[in-house]
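All values reported here derive from a predicted model rather than from experimental measurement.
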Amino acid sequence: MTRRLAKPSRKPAESGLVRLGLGTPWQCVLHLPLRYEDESRVTPIGDLTPGDHALTEGRLVHGEVRLRPRRQWIGKVRDEQGGELTVRLIHFSNAQLQALPVGSWLRVYGEVRGSLFGREMIHPRLRVSEPGAATRAGLTAVYPTVAGVAQPTLRRAVAAAFAKLDWADTLDEPTRRRLHVPPLREALARLHYPQTVPSADDPAWQRVRFDELLAQRLSLRLARRQRASRVAVSLAPPAADRLVAALRRALPFALTGAQQRAWQAIETDLARPQPMQRLLQGDVGSGKTIVAALACLRAVENSRQAALMAPTELLAEQHLAKFRQWLEPLGVRVAGLSGGQKKAERERLTAAVAAGEVDVVVGTHALFQKGVDFRALAVVVVDEQHRFGVAQRLSLAGKGEGVHSLMMSATPIPRTLAMSYYADLDVSVIDELPPGRSPIETRVIGNPRRDEVIAKLAQACGDGHQVYWVCPLVEESDVLQLKAATDAFEELRQRHPELRFGLVHGRMTAIDKATVMAAFQRHEVDWLVATTVIEVGVDVPNATWMVIEHSERLGLAQLHQLRGRVGRGPRQSYCVLLFEPGLSESARKRLEIIRNSTDGFEIARRDLELRGPGELLGKSQSGQPLLRFADPDRDHVLLEQAAQLAEAWIAGDNPAVSVHLDRWLGERQAFWRS
Ligand code: ADP
Ligand code: MG
């Protein structure tokens, strides 16, 4: 072997293993190969297929160091049938080159690439050999790793763990037979030491996926059961159903059937002496806020406090305005807490909250930072909860000992995902939009026609409508995004001096943003230019046009959210997706999906197909070490089976529960027990 690896001493290798999360034997055997190297067969150079990893051989007929375009060694290997392979090394030492004299016979293992000049391998493993030398038997596993932890170290750790473990299977024989999966030990042996490459649906993989889904389900159900065993104050409807009834009478609209069903479920939860743990799902514009307000009022009727938490300052301001409008006429004391407030102001408010002089508090996560103590908090509502992530959700639930919590989400996720990620929650769905909304017409228009679009919008503003103009992220940089929005703002304002323009972006202070939004809400601004900060929750029913520049840069969920800012009133609304010609295939697909559907569930399902679950749920959740092997959507059959088994195990106090969780989650269980 010519690529020499300094033999690592035991100590650093071990800490490397810990860094990889491989501190225990179970963690080692559950660290499964990324792929396998097949050095059992030699493929003639002429038969190499680009994209494959393969072993080949031939004579080194040429080797030279080139300095342009960058320093590299280029070798030519030719086999007896005349096939020629280019080998390229970017990092190499002189000692390494000396071990590769021209004329030697080489075994070469690596990924085959097709290039202009024929077949090529970059940084293959090179070994001086002789024609017809014996090959290795079996496949070699290649593990995911980090810098400093070499493959042989991982192989040794896995082998040592294999020998050491107690392999008593948590699935009994009849269960395995029903699921068509092998015993765990057999499954893992097949994946670590296969004779032939296991296919994606090999029973060994199925076993691993099933076990992982089972562990996830068990941990979420236990978290749920543990919280359910806590005591919460029961918030029953008071004898004279005061505030809730009064608000419902005062509203200019009646609740939709779906809103009523959601409220009934919440009302029932709140009356119980255990904490509510409910997720309220509803597409953008389905009217979740009013349901949240009713839940808060139920707390106030019972002489308790309620808190509503939003993911952004902008949204918190908007909720605050709405809550003031709805609740203050009923004599309810509403206050807003935000990160942007002056210290003295904040202190005054927190003191009032602690003294019980405020009934409902609206704010960002600043609400749950240190220093905010409630006198009698009974209901917490978290809006757009997917923005917060599983960890924050669970820590929040841990914080409010005995508090009823209502999570709201406008990311309608498919049932399989809900089953997998929200198994610790009850779920209500608002699957009906308020009446009188005409569906939004979506048009996908190339940037060369931007002027036409601007003229249309000016006309709409002239007719008394309001419009949004969104300039999304140019790069991963606030500054550039800001520039795009500011430039558009200046340009549009110069073109249409007769209209009133507003600008909001993420760099403005909360107060400035709120001022502009309030002006837009009062129709003192016709045309709002914004970065994607307006994405969630903003509600201005008179706005009928949403134009998104560079829409090809946004994901489906974000496009759907942005579009949901219009179509909130009785008038026909339009969404224009401007794009730079020369779309990539995936961008073209996204725009097509969003043009053809306004159904959030359908869009989420397509999104899942395009991107996978981690991204759909947002960065905060995909970072969770929850599912490494299973995919709730692809493995939905396994998921159902795992869910059933988990219920049976928990109901029967099966000792396998803790064995299984120890194996799969180990120390991470503590996280779920927060
Ligand atoms: P989201 O579910 O996206 O948070 P909102 O709560 O902001 O939606 O509601 C969207 C708009 O619909 C608001 O202007 C709200 O006042 C209005 N609305 C809510 N429920 C109804 C209803 N039952 N009938 C008519 N309008 C409603
Ligand atoms: Mg909302």
Side-chain angles (χ1 to χ4, degrees), residues 256-259 280-288 384 386-387 408-419 421 427 429-446 453 467-468 470 472 532 534-539 541 543-580 583-618 631-634 636:
T256 62
Q259 283 171 317
L280 178 58
Q281 269 190 351
D283 208 347
V284 283
S286 62
K288 295 183 290 295
E384 310 292 349
H386 56 283
R387 289 298 193 94
M408 304 203 293
S409 176
T411 300
I413 62 172
R415 201 181 77 87
T416 49
L417 269 185
M419 267 183 75
Y421 286 86
V427 181
V429 181
I430 303 188
D431 52 3
E432 171 185 5
L433 291 181
R437 302 230 177 119
S438 43
I440 303 164
E441 244 185 80
T442 303
R443 294 183 190 158
V444 180
I445 296 181
V453 174
V467 303
Y468 293 101
V470 175
T532 48
I534 58 153
E535 181 190 345
V536 283
V538 172
D539 182 38
T544 55
W545 285 80
M546 163 64 66
V547 177
I548 305 173
E549 290 207 86
H550 290 292
S551 56
E552 74 276 8
R553 291 180 179 152
L554 295 179
L556 277 175
Q558 221 175 0
L559 288 170
H560 180 62
Q561 281 278 345
L562 282 169
R563 179 171 58 185
R565 300 307 108 218
V566 296
R568 295 179 156 246
R571 296 200 273 184
Q572 175 64 50
S573 288
Y574 304 90
C575 174
V576 176
L577 305 173
L578 285 174
F579 68 93
E580 215 44 73
L583 286 180
S584 71
E585 180 58 20
S586 66
R588 199 188 54 71
K589 239 184 225 147
R590 282 201 301 278
L591 296 183
E592 192 180 292
I593 292 169
I594 208 88
R595 185 188 54 210
N596 293 339
S597 177
T598 50
D599 174 347
F601 277 91
E602 170 66 12
I603 290 168
R605 206 179 54 69
R606 301 295 303 270
D607 208 10
L608 188 70
E609 282 170 17
L610 290 179
R611 301 197 298 162
E615 286 185 77
L616 185 59
L617 286 167
D631 166 346
D633 212 47
R634 179 196 59 200
H636 61 96

Q) Excluding sequence neighbours, so at least two apart, what forms ring-ring contact (aromatic ring centres under 6.0 Å, His included) with F579? A) none
Q. For E580, which residues count as a salt bridge (Lys or Arg N to Asp or Glu O under 4.0 Å) partner, sequence neighbours excluded?
A. none
(Q) According to salt bridge (Lys or Arg N to Asp or Glu O under 4.0 Å), who are the partners of R443, at least two apart in sequence or on a separate chain? (A) E441
Q: Could you walk me through whether L577 and T442 pass side chain to side chain contact (heavy atoms under 4.5 Å, CB included), step by step?
A: CA-CA 8 Å; L577 305 173; T442 303; 3.9 Å; yes
Q: Please identify each residue that fulfils side-chain contact (heavy atoms from CB on, under 4.5 Å) with T256, with sequence neighbours left out.
A: A258, Q259, E432, P434, P435
Q) Are any of the side-chain heavy atoms of V547 and V467 separated by less than 4.5 Å? A) no
Q: For S573, enumerate each residue passing the side-chain contact (heavy atoms from CB on, under 4.5 Å) test, keeping only those at least two apart in sequence or located in another chain.
A: I440, T544, V566
Q) Just by distance, do the side chain of R590 and the backbone of L554 share a donor-acceptor pair under 3.5 Å? A) yes
(Q) Closer than 4.0 angstrom, basic N to acidic O: yes or no for E585 and R588? (A) yes
Q. Rounded to the nearest 0.5 Å, how far apart are CG of L578 and CG of L591?
A. 10.5 Å
Q) Mind checking whether R563 and I603 have side chains closer than 4.5 Å, heavy atoms only? A) yes
(Q) Checking E552 now: which residues fulfil salt bridge (Lys or Arg N to Asp or Glu O under 4.0 Å) with it, not counting sequence neighbours? (A) none
Q) Going from CG on L556 to CD on E602, what distance comes out if it is rounded to the nearest 0.5 angstrom? A) 10.5 Å
**Q.** Nearest-0.5 Å distance that lies between atom CG in L562 and atom SG in C575
**A.** 8.0 Å
Q. Between atom OG of S551 and atom CG of L559, what is the distance when rounded to the nearest 0.5 Å?
A. 6.0 Å
Q. Between atom CD1 of I593 and atom NE2 of H560, what is the distance when rounded to the nearest 0.5 Å?
A. 12.5 Å
